[in-house]
Amino acid sequence: MGRLGSNKRPELDSAAKTPAAGPRAHAAAVPANDSMGFVDRVLVTLTGARQLIVLILLAIAFMTVISGKPLDGLLITVIATALAWDAGMRARAAALAAARVAAAAAAGLAQPDGSPPAGDGQGRAAAVEADRVSAWRPRTERPRPRILALGVVGAVSYAFITGSFTRYSWPATAGVVGLGSAGVLVGWGGPIRQRSIPGKIARTGVIAWGSLLVFGGLWELAALLGQPNITTSSYAHPTISTLTDPLLAATPGRAVALLIWIAAGWWLIER
Amino acid sequence: MNSHDVTVTGFLVLLAGVIGTEVTARKTRAQVPTISRLFTRIMRTRTGRVGVLVAWAWVGLHFFAK
């Protein structure tokens, strides 16, 4: 755990100390993290806020707030802002690294290992590679059957125990918050298994999946706004939450829903 | 068809769209990624990974937590 988020600042600091000359001036013009002013921090955060996932989280936060859960919305906004900051800092680090490499190339300097100078792509490649660093030891094989069986038994037990509590009660809240936090924490540490990263998504794919995402979001919003008020469900304009209420009214339904939620979380952590 | 049916139909269309897109990605040569590849791509960076997992955690909170 000590390595969580530890692959960022050394690169920044060394880059910021690059002497100013040509492309190096650009690197040196960006202040080091410690000397960043408020405006710089805001700009870095806004740069990271262009990430699609940050925008999606902000949309979720907005929907949560207007649904009458301002604290949940605030929590998600804080996380989205932290992610935007993190992404902005990484983009900045990549730009600094690229400027440093470009400066070395312009000066005709060879790499430390004797190879010829590289282009801007090397800085970005270094930043992407740093992103793949994990605090965990990524496994290369499927989990052992015994571990898998223990996981399944644990998940089923968790689902039925947590599902036996009434929705929105403190025990149910504690169970979901605990597992949800653990999932996010594991994800923050990095991938838990070695996997190949697919190439850039083609425009057709972006349009296909993006259209579904936008349609789903707008349809849910329309149903939400069609309610008598934002906190009262409506038969005429049911949201997804309203439609799933009958399923989640009893313990078996809640247990099944929790099992699906756990399976989805595990599937995501495996990405 | 009343407004309830229209709203539910919209969600069913969405579900059919997701299934149809996934089948298209698996069975044809269309340049559409499967959900698995899509999420692996999105979650290649820490921002994407944490963001997606926060969204997952939020789903649990939304349906079960105070």
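Sequence lines set the chain letters: A, B, ... in the order given, protein chains first and strands last, and positions in each chain run from 1. Only this structure's heavy atoms are used, side chains among them; waters, hydrogens and symmetry mates stay out.
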Checking heavy atoms, do the side chain of B/S36, its backbone, both or neither come under 4.5 Å from chain A? both

Heavy-atom check, side chain of B/F63 versus side chain of A/R254, under 4.5 Å: no

What distance do B/T47 atom OG1 and A/L57 atom CG have between them, rounded to the nearest 0.5 Å? 10.5 Å

Part of A/L243 lying under 4.5 Å from any heavy atom of chain B: side chain

Taking A/T204 for its side chain and B/V32 for its backbone only, find out whether a donor-acceptor pair lies under 3.5 Å. no

Please report the interatomic distance CD1(A/I207) to OG1(B/T21), rounded to the nearest 0.5 Å. 12.5 Å

Below 4.5 Å from any heavy atom of chain B, which atoms of A/V54 appear? Answer side chain, backbone, both or neither. side chain

Any idea which of A/G183, A/A87, A/G265 has the most non-hydrogen atom pairs under 4.5 angstrom with chain B? A/G265

Using the rule given for side chain to side chain contact (heavy atoms under 4.5 Å, CB included), can you reason through A/W209 versus B/I42, listing the C-alpha separation, both sets of side-chain angles and the distance that settles it, and then say yes or no? CA-CA 12 Å; A/W209 288 113; B/I42 292 172; over 6 Å; no

Is A/E220 close to chain B through its backbone or its side chain, or both, or neither, when contacts mean heavy atoms under 4.5 Å? both

With rounding to the nearest 0.5 Å, note down the distance linking CZ in B/R37 to OG in A/S196. 7.5 Å

Value for OG (A/S181) from CG (B/L61), rounded to nearest 0.5 Å, stands at 7.5 Å

Do A/R167 side-chain atoms and B/F64 backbone N/O form a donor-acceptor pair below 3.5 Å? no

Here the gap from B/R46 atom CZ to A/D86 atom CG, rounded to the nearest 0.5 Å, amounts to 4.0 Å

Nearest 0.5 Å, what's the OG1-CD1 distance between B/T45 and A/I197? 9.5 Å

A/T162 versus chain B, heavy atoms under 4.5 Å apart: side chain, backbone, both or neither? neither

Is it the backbone or the side chain of A/L52 that comes under 4.5 Å from a heavy atom of chain B, or both, or neither? neither

Among A/L268, A/V184, A/I56, A/I269, which residue has the highest count of heavy-atom pairs closer than 4.5 Å to chain B? A/L268

In terms of heavy-atom pairs under 4.5 Å with chain A, the winner among B/L53, B/V18, B/V8 is B/L53

Answer with yes or no whether the side chains of A/T64 and B/H62 bring together a donor and an acceptor at under 3.5 Å. no

Of the backbone (N, CA, C, O) and the side chain (C-beta and beyond), which part of A/I79 lies under 4.5 Å from a heavy atom of chain B, both, or neither? side chain

Check each atom of B/W58 against the heavy atoms of chain A and say whether the ones under 4.5 Å are side chain, backbone, both or neither. side chain

Between A/W267 and chain B, with a heavy-atom cut-off of 4.5 Å, which part of the residue counts as in contact: side chain, backbone, both or neither? side chain

Relative to chain B, which segment of A/K69 carries a heavy atom at a distance below 4.5 Å: side chain, backbone, both, or neither? side chain

Could you check whether any side-chain N or O of A/R271 sits under 3.5 Å from a backbone N or O of B/F39, counting only pairs where one atom can act as donor and the other as acceptor? no

With under 30° as parallel and over 60° as perpendicular, where do the rings of A/Y235 and B/H4 fit, or are they tilted in between? parallel

